[in-house]
**Student:** 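Can you keep this structure in mind? I'll have questions shortly.
Quantities reported herein were computed from a predicted structural model and do not represent experimental measurements. Protein chains get the first letters and strands the later ones, always in sequence-line order, with residue 1 at the start of each.
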Number of protein chains: 2
Amino acid sequence: MKKKENRTAFVILGLLSHENLSGYQLKKQIDAGLKEFWSAGFGQLYPTLKELREKGLIEAVTEGGNKRGLTVFSITDAGRAALKEWLRKPVLQQTVKYDILLKLYFGAALKPEENLVKIDNFRKQAEMQMEKYAQYEQVLRSVLDDSDDHTYFLLTVLFGRKVTKATLEWAEESRQLLINLKKEKKEPER
Amino acid sequence: MKKKENRTAFVILGLLSHENLSGYQLKKQIDAGLKEFWSAGFGQLYPTLKELREKGLIEAVTEGGNKRGLTVFSITDAGRAALKEWLRKPVLQQTVKYDILLKLYFGAALKPEENLVKIDNFRKQAEMQMEKYAQYEQVLRSVLDDSDDHTYFLLTVLFGRKVTKATLEWAEESRQLLINLKKEKKEPER
DNA sequence: GTTTAATTATATCTTAATGATATATCATGA
DNA sequence: TCATGATATATCATTAAGATATAATTAAAC
């Protein structure tokens, strides 16, 4: 019944609602401002741009004439309407896939030590993430009053910060559980 | 260089390392025990089963003969080796996609009230999740000593619990930020 | 007891997303 | 000038998501 929605299309519409951009610039914007919770490759971007253009939701504002044949797109009124309609649709609960959890689920096939290494690597990555979020947050709070957009950008950063901090706590808790498992193996009957 | 890995193949190998299962039973197991951090559809499962069989990583233990032509698979020694090899590979940091954050990122296109509804729905879903995790945890802790597997299963549950609790805190923090945004609009100069 | 509905079971199809690669231009610097 | 890196568009194969088709078997309703 309800068909699959090309979310890349709405990322494009959303970014074009802020400013005119080319395919390559869109990719850069996504990798810069949305990369902590979204990604999109050229293989999805270019075909979707073509599709949006055919549907009249975006249009080319420069083409061929300028250097390198850069094609910059702008959003149309129909595009803005489509964007708002999508934004208003309720968000369904989604399964968030975690490779680390998939491997830990089958962790009993390895020695506890090997899984501890996994968790430790995960913790290190999370710690680096935390520093990034702290920087994002500092910058965004300093310009918070400049535009409503900044408040919404901040929401996404706060989400990442909270969740990442939670995963750090989990890493410590998990470490203890696996260390206990190791001890029990050495002394099966205490 | 490093090619894409079919993770569905390793989920299958992992589950078959616990017990023999058919395609349909695999789907049920995934939807039961892994659904909070993994999903797989028949469209991915059946072709992958065929592929794994051709590679000799799994084999059919019953076929045709019994009722309904149920085909139950078992993992081979080569399959166990492939599973361990994959489990030992380090987990790369991945972009976790959140539809809710994507929509909030472009939230300035809507009224704050509309975004507050989104956050509230998200909070409600998270609260229901928390109840599920509490149940999972209770069951797993009661059988923790029965098998090493249970400790690893518990790790994934604890992850979900921590992360979901963090999103609940975020929802409250975000609510306040958006309420402030609403107030500022009513009284632009305070 | 017979129709109906739900579950079991396998399979296929389309669309979306990922990841890799191809190609060419332009800018920078050694 | 030669190499390197960034810009820019495009395509391809594989993986994943989501929907649908089909049929048998079991459970429930009437």
Side-chain angles (χ1 to χ4, degrees), chain A residues 1-12 20-32 34-35 37-55 58 60-73 86 92-99 102, chain B residues 1-12 20-32 34-35 37-53 55 58 60 62-73 86 92-99 102:
Chain A
M1 284 302 157
K2 60 177 169 225
K3 61 173 173 236
K4 216 152 73 160
E5 66 186 12
N6 182 345
R7 294 168 303 172
T8 302
F10 296 106
V11 180
I12 292 172
N20 295 349
L21 296 163
S22 69
Y24 188 78
Q25 290 165 341
L26 279 161
K27 169 71 171 155
K28 282 213 300 185
Q29 290 268 319
I30 293 167
D31 290 347
L34 290 83
K35 74 154 175 297
F37 59 90
W38 207 259
S39 66
F42 289 122
Q44 196 64 17
L45 281 171
Y46 284 109
T48 304
L49 280 170
K50 199 180 161 189
E51 197 191 310
L52 288 172
R53 198 182 182 179
E54 282 162 6
K55 284 184 185 166
I58 64 172
V61 286
T62 67
E63 196 167 8
N66 67 338
K67 61 177 179 181
R68 264 185 264 191
L70 184 80
T71 308
V72 176
F73 296 95
W86 172 75
L92 300 175
Q93 200 166 12
Q94 53 181 173
T95 301
V96 179
K97 287 190 162 191
Y98 281 97
D99 285 58
L102 185 57
Chain B
M1 284 302 156
K2 60 174 173 230
K3 60 173 175 237
K4 218 153 73 161
E5 67 187 10
N6 181 346
R7 294 167 304 172
T8 302
F10 296 107
V11 180
I12 292 172
N20 295 347
L21 296 163
S22 70
Y24 187 78
Q25 289 166 340
L26 278 162
K27 170 71 171 155
K28 281 213 300 183
Q29 289 269 317
I30 293 167
D31 291 348
L34 290 82
K35 73 156 176 294
F37 59 90
W38 207 260
S39 66
F42 290 122
Q44 196 64 18
L45 281 171
Y46 284 107
T48 304
L49 279 170
K50 199 180 160 189
E51 196 192 310
L52 287 172
R53 197 180 182 181
K55 285 184 183 165
I58 64 172
T62 67
E63 195 168 8
N66 69 336
K67 61 179 179 179
R68 262 185 264 192
L70 184 79
T71 308
V72 176
F73 296 95
W86 172 74
L92 301 175
Q93 201 167 13
Q94 53 181 172
T95 302
V96 179
K97 288 189 161 191
Y98 281 97
D99 286 59
L102 185 58

**Student:** Taking only side-chain nitrogens and oxygens of B:Tyr24, does any of them come within less than 4.0 Å of OP1 or OP2 of C:dT8?
**Tutor:** yes
**Student:** Could you grab the distance from atom OG1 of A:Thr48 to atom CG of A:Leu26, nearest 0.5 Å is fine?
**Tutor:** 10.5 Å
**Student:** Listed by chain and number, what are the ring-ring contact (aromatic ring centres under 6.0 Å, His included) partners of A:Phe10, not counting sequence neighbours?
**Tutor:** A:Trp86
**Student:** To the nearest Å, give me how far apart CG (B:Asp31) and P (D:dG18) are.
**Tutor:** 12 Å
**Student:** Among all residues two or more places apart in sequence or in another chain, which pass the side-chain hydrogen bond (donor to acceptor under 3.5 Å, both in side chains) test with A:Lys55?
**Tutor:** A:Glu51
**Student:** Which residues pass the side chain to side chain contact (heavy atoms under 4.5 Å, CB included) test with B:Ser22, not counting sequence neighbours?
**Tutor:** B:Tyr24, B:Gln25, B:Leu70, B:Val72
**Student:** C:dA9, OP1 or OP2 - any side-chain N/O from B:Thr71 closer than 4.0 Å?
**Tutor:** no
**Student:** Select one nucleotide: of D:dT11, D:dT9, C:dT10, the one nearest the side-chain heavy atoms of B:Ser22.
**Tutor:** C:dT10
**Student:** Ignoring backbone atoms, test whether A:Tyr46 places a side-chain nitrogen or oxygen under 4.0 Å from the OP1 or OP2 oxygen of D:dT9.
**Tutor:** yes
**Student:** Taking ring-ring contact (aromatic ring centres under 6.0 Å, His included) as the definition, give me every residue that meets it alongside A:Trp38, ordered by chain and number, with sequence neighbours left out.
**Tutor:** none
**Student:** State which residues pass side-chain hydrogen bond (donor to acceptor under 3.5 Å, both in side chains) with B:Thr8; sequence neighbours excluded, sorted by chain then number.
**Tutor:** none
**Student:** Under 4.0 Å between a side-chain N/O of B:Lys97 and OP1 or OP2 of C:dT18, yes or no?
**Tutor:** yes
**Student:** Rounding to a whole Å, what distance do you find between B:Lys35:NZ and D:dA17:P?
**Tutor:** 16 Å
**Student:** Across the strands shown, which category fits B:Lys28 at heavy-atom distances under 4.0 angstrom: base, sugar-phosphate, nothing?
**Tutor:** sugar-phosphate
**Student:** List, with names and distances, any nitrogen or oxygen atoms from the protein found under 3.5 Å away from nitrogen or oxygen atoms belonging to nucleotides 13-16 of chain C.
**Tutor:**
residue : atom : partner : partner atom : Å
C:dT15  : O2   : A:Lys4  : NZ           : 2.5

**Student:** Report the distance from atom NZ of B:Lys27 to atom C1' of C:dA11, rounded to the nearest whole Å.
**Tutor:** 14 Å
